[in-house]
Amino acid sequence: MQWQMKQGLMDFLKRKGVVYRPVKDVDLGSYSTEFYLQANVKAPRMTGLLVKIFTYLLEFPILGTLLLFILKGNNLIHRLITNAEFQEPPLFVPLHDFEDIKERKVKCLDSSLQPPEKVHLALDCLPVSSQETLDGTNSSFCRWTIMDYAKAYRLGDITPSLVAERFIAAIDESTKASFQMGFFIHYSVDDILRQAAESTHRYRRGEPISVLDGVPVAIKDEIDCLPYPTTGGTTWLHKERPCNDDACCVKRLRLCGAILVGKTNMHELGSGTSGINPHYGPARNPYDTNKIAGGSSSGSASLVSAGLCPVALGVDGGGSVRMPAALCGVVGLKPTFARIPHDGVLPLNWTVGMVGILAGTVEDALIVYAAISGEIPSEQIFSVLTNINLPRLSLTKSISDIKLAKYGKWFDDCSNDVRICCSKTLYQLQDHYNWKIIDVTIPEIEAMRLAHYMTIGSESSTALDSFKEKNFAELGWDVRVAQSIYGSFSGMEYLKAQKMRNRQLQFHKKIFAEADVIVSPTTGVTAYPIQDDALQTGELDYVNGAALVRYSIAGNFLGLPAVTVPVGFDRLGLPIGLQFIGRPWSEATLIHLAFAVQVMCISEYRKPKVYYDLLRKKIDSDAM
């Protein structure tokens, strides 16, 4: 009997792993026999006292180690990664050699140009209608754009100072007890008014710097922006790592005259997908304030959706720009790894995290993309400065022969509302533009999700290692659990995860040899309710978390560009997004496709329940 128990324990500890076939032997065609493994998440939702007890158990030396081992085994980490056998060498950083790919209907920019020059050249790429103020006759809902602000300022209809005053009044209203939208962690009334006064003076002299002059832009509290601390959603990180300068992307926006209105709320340390922060409150969804905004760039998405800024910056380490953008009904663009310099961004996940853009329209995403893209010449990564292609959006409709790769089993692994809406949009694209859908197979998607989780977790744990002993108890309970799991991954497990990264990149390269982009829903579910029991402790909801990140991983783990664009609503009126993933450096193609979708779907866009109209009226909110 003792021998049997001992043998059983040994078999448990030595669970066999998958032996992966060479990439060349894996069929990626539509009739492939590769098995699609759905997310195997075995973890109950926990909040309140339960999550506190679980946290203490995980942090107890011997019992915690055993619990973590069981958790990783039950969620297939051991089978698919830890004990798996790979033939591929590891790929530690998804830095792609620059390739000046032949994109259609584009304008090529020299990345060494100054940001205002890039923005000026980007204006030539906008459709004519984007350069005109909305006249209010459209039957569909449209958010104010950068060009709307610029024209209103130029004509003297309104000034940046008046917009700033209205913005401040709106934020004040949003923080009242009955409202609590949770947009910001830090903002300064004096700093906003100072920037607005300077912009107003420039317009009065007839010397605006660019169309971004006087436009309110928000910055995720993971990106350095003076005069604010960078907390990463914590109560302590800014004390250990002071903010002494603007991040590179922020400097570029400031050079264009944008009004930087503050640091937006986020899921603490980016360690979750809901945007529920127990220190600063949850960022709420403007379409339903009882629902999550998504994370971790939650405040940025919520602000843009509510009309307070036409654009905001986020950081996308595992869909953290695209997920909240989709849930809040706005555009989310995550460029190629290293397309936007990472200087001045918290180094929480240095091989998967990238600065991204959240915008009310595709055109606004394009303008800001032009402003902040391009490497720093003094820190040049490649042998030549990379060129930046901008799509000529007035010519989008003339682009033919686009091939959209679709993996049906993966595409359909979502809620019925999401599946029906995204499928309808995809086939409308095919019919309207005569683009072709190519059925493909993307193998081992769940293994890639786990490998990414091990990677982002290991990097986050390592980045915070020197601060943990002193500050660990100040973290939210959900983040303490996450950090305990992150710290349990060994160097060998991290190495195995990088082998999966290499393997997946080879699969994706083969698909991009046959197709222009990969298409999928952005999230597997729409925004779910914010439960009261999560407000003080945060929540552990790995089932919903896995559904939210299901389609995001390749963009981060493989360093590929991706964009989400709103395409409709579920039965409760909550937004749904469609995503395009492209080959490296193909942002122009992705923006073309996103614009095509926007043109096709804009008549169906709806006004959020919480919306502030800073150009027409003082404050307008259906929820007030």
field: Spacing of Thr234 atom OG1 and Asn277 atom CG [to the nearest 0.5 Å]
entry: 9.0 Å
message: Run the side-chain contact (heavy atoms from CB on, under 4.5 Å) test on Val345 and Val355 for me, step by step, so that the C-alpha distance in whole Å, both residues' side-chain angles and the decisive distance to 0.1 Å come before the verdict.
response: CA-CA 8 Å; Val345 180; Val355 172; 3.7 Å; yes
Flag, side chain of Arg449 to backbone of Arg550, donor-acceptor distance under 3.5 Å: no
Atom pairs and distances, donor-acceptor, side-chain atoms in residues 58-67, under 3.5 Å, two or more places apart:
residue: Glu59; atom: OE1; partner: Arg480; partner atom: NH2; Å: 2.8
residue: Glu59; atom: OE2; partner: Arg480; partner atom: NE; Å: 3.0
residue: Glu59; atom: OE2; partner: Arg480; partner atom: NH2; Å: 3.3
residue: Thr65; atom: OG1; partner: Pro61; partner atom: O; Å: 2.9

message: I need the minimum non-hydrogen distance between Cys225 and Ile219, along with the two atoms involved.
response: SG-CG1, 4.2 Å
message: Would you say NZ of Lys468 has more than 12 non-hydrogen atoms from neighbouring residues, nucleotides or ligands within 6.0 angstrom?
response: yes
Sidechain-backbone polar pair: Thr522 side chain, Gly577 backbone, donor-acceptor under 3.5 Å: yes
- prompt: Hey, are Asp413 and Gln38 close enough side-chain-wise for a donor-acceptor pair under 3.5 Å?
  reply: yes
- prompt: Does a salt bridge link Lys220 with Asp316, judged by any charged N lying under 4.0 Å from a carboxylate O?
  reply: no
query: With no hydrogens and no angle check, is any side-chain donor or acceptor of Gln579 less than 3.5 Å from a backbone partner on Tyr551?
result: yes
query: With no hydrogens and no angle check, is any side-chain donor or acceptor of Tyr612 less than 3.5 Å from a backbone partner on Leu303?
result: no
message: Show, in sequence, the C-alpha distance, side-chain angles and deciding distance for Tyr486 and Tyr453, and conclude whether the ring pair (Phe, Tyr, Trp, His ring centres under 6.0 Å) test is met.
response: CA-CA 9 Å; Tyr486 295 167; Tyr453 181 74; 5.7 Å; yes
query: Is Leu253 close to Val311 at the side-chain level, that is, under 4.5 Å between some pair of heavy atoms?
result: no
task: Identify the two heavy atoms, one from Gly299 and one from Ala283, that lie closest to each other, and give their separation to 0.1 Å.
output: N-CB, 3.9 Å
query: CD1 of Ile442 to CZ of Phe507: how many Å apart, nearest 0.5 Å?
result: 10.5 Å
field: Gap separating the OG atom of Ser302 from the CG atom of Asn265, nearest 0.5 angstrom
entry: 9.0 Å
Val261 vs Phe184 side-chain heavy atoms within contact, under 4.5 Å: yes
- request: Please lay out, stage by stage, how Leu560 and His96 fare under the test side-chain contact (heavy atoms from CB on, under 4.5 Å).
  value: CA-CA 9 Å; Leu560 302 173; His96 303 279; 4.2 Å; yes
query: Glu493 and His78: which non-hydrogen atoms are nearest, and at how many Å?
result: OE2-CD2, 4.3 Å
- prompt: Hey, does Thr289 have a side-chain heavy atom less than 4.5 Å from the side chain of Ile530?
  reply: no
- line: Distance col, row Phe557:CZ vs His508:NE2, nearest 0.5 angstrom, shows 11.0 Å
- prompt: Can you tell if the side chain of Leu348 reaches within under 4.5 Å of the side chain of Leu464, non-hydrogen atoms only?
  reply: yes
field: side-chain contact (heavy atoms from CB on, under 4.5 Å), paired with Leu237, selected from Asp221, Thr231, Leu269, Thr230
entry: Leu269
Derivation of the ring pair (Phe, Tyr, Trp, His ring centres under 6.0 Å) call for Phe472 and Trp236: CA-CA 10 Å; Phe472 198 72; Trp236 56 267; 9.3 Å; no
task: Using a 4.5 Å cut-off on heavy atoms from C-beta on, say whether the side chain of Ser274 contacts that of His267.
output: yes
field: Minimal non-hydrogen separation, Leu313 against Cys249, with atom names
entry: CD1-SG, 3.8 Å
- prompt: Which heavy atom in Gly538 sits nearest to a heavy atom in Pro278, and how many Å separate them?
  reply: N-CB, 4.1 Å
- prompt: For Met454, does its backbone N or O pair with a side-chain atom of Ser458 as donor and acceptor, under 3.5 Å?
  reply: yes
field: Nearest-0.5 Å distance that lies between atom CZ in Arg571 and atom OG in Ser415
entry: 8.0 Å
- request: For Asn285 and Leu327, indicate whether the former's side chain and the latter's backbone hold a donor-acceptor pair under 3.5 Å.
  value: yes
field: Thr273 side chain near Tyr542 side chain, heavy-atom distance below 4.5 Å
entry: no
- request: Check Ile81 against Ala451 and note the closest heavy-atom contact, atom names and distance.
  value: CD1-CB, 3.9 Å
task: Apply the test side-chain contact (heavy atoms from CB on, under 4.5 Å) to residues Arg419 and Asn416: give CA-CA distance (whole Å), side-chain angles for both, the deciding distance (0.1 Å), then the verdict.
output: CA-CA 5 Å; Arg419 176 180 54 80; Asn416 284 336; 3.1 Å; yes
task: Tell me whether the centres of the aromatic rings in Phe54 and Trp477 are closer together than 6.0 Å.
output: no
- prompt: How about Glu539 and Thr47: does a side-chain donor come under 3.5 Å of a side-chain acceptor?
  reply: no
field: Test item: Lys72 side-chain N/O and Thr82 main-chain N/O as donor-acceptor pair under 3.5 Å
entry: no
message: More than 12 heavy atoms of other residues, nucleotides or ligands under 6.0 Å from CD of Gln536: yes or no?
response: no
query: With no hydrogens and no angle check, is any side-chain donor or acceptor of Ser460 less than 3.5 Å from a backbone partner on Gly457?
result: no
task: Could you tell me the separation between the CG atom of Leu76 and the CG atom of Leu37, rounded to the nearest 0.5 Å?
output: 6.0 Å
Verdict with supporting geometry, Asn502 and Phe92, side-chain contact (heavy atoms from CB on, under 4.5 Å): CA-CA 8 Å; Asn502 188 348; Phe92 292 102; over 6 Å; no
Near-ring test Tyr494/Phe489, centroid separation under 6.0 angstrom: no
Polar contact flag, side-chain donor to acceptor under 3.5 angstrom, Asn556-Arg322: yes
message: Ignoring hydrogens and geometry beyond distance, is a side-chain donor-acceptor pair present between Arg501 and Gln498 at under 3.5 Å?
response: yes
- request: Would you check if His238 and Tyr228 make a side-chain contact, meaning some heavy-atom pair closer than 4.5 Å?
  value: no
message: Treating Tyr36 as the side-chain partner and Ile445 as the backbone partner, does any N or O pair qualify as donor plus acceptor under 3.5 Å?
response: no
query: Between Asp570 and Leu572, is there a donor-acceptor pair closer than 3.5 Å when you use the side chain of the first and the backbone of the second?
result: yes
query: Hey, are Lys334 and Ser320 close enough side-chain-wise for a donor-acceptor pair under 3.5 Å?
result: no
- prompt: Does Pro575 reach the side chain of Pro566, with side-chain heavy atoms less than 4.5 Å apart?
  reply: no
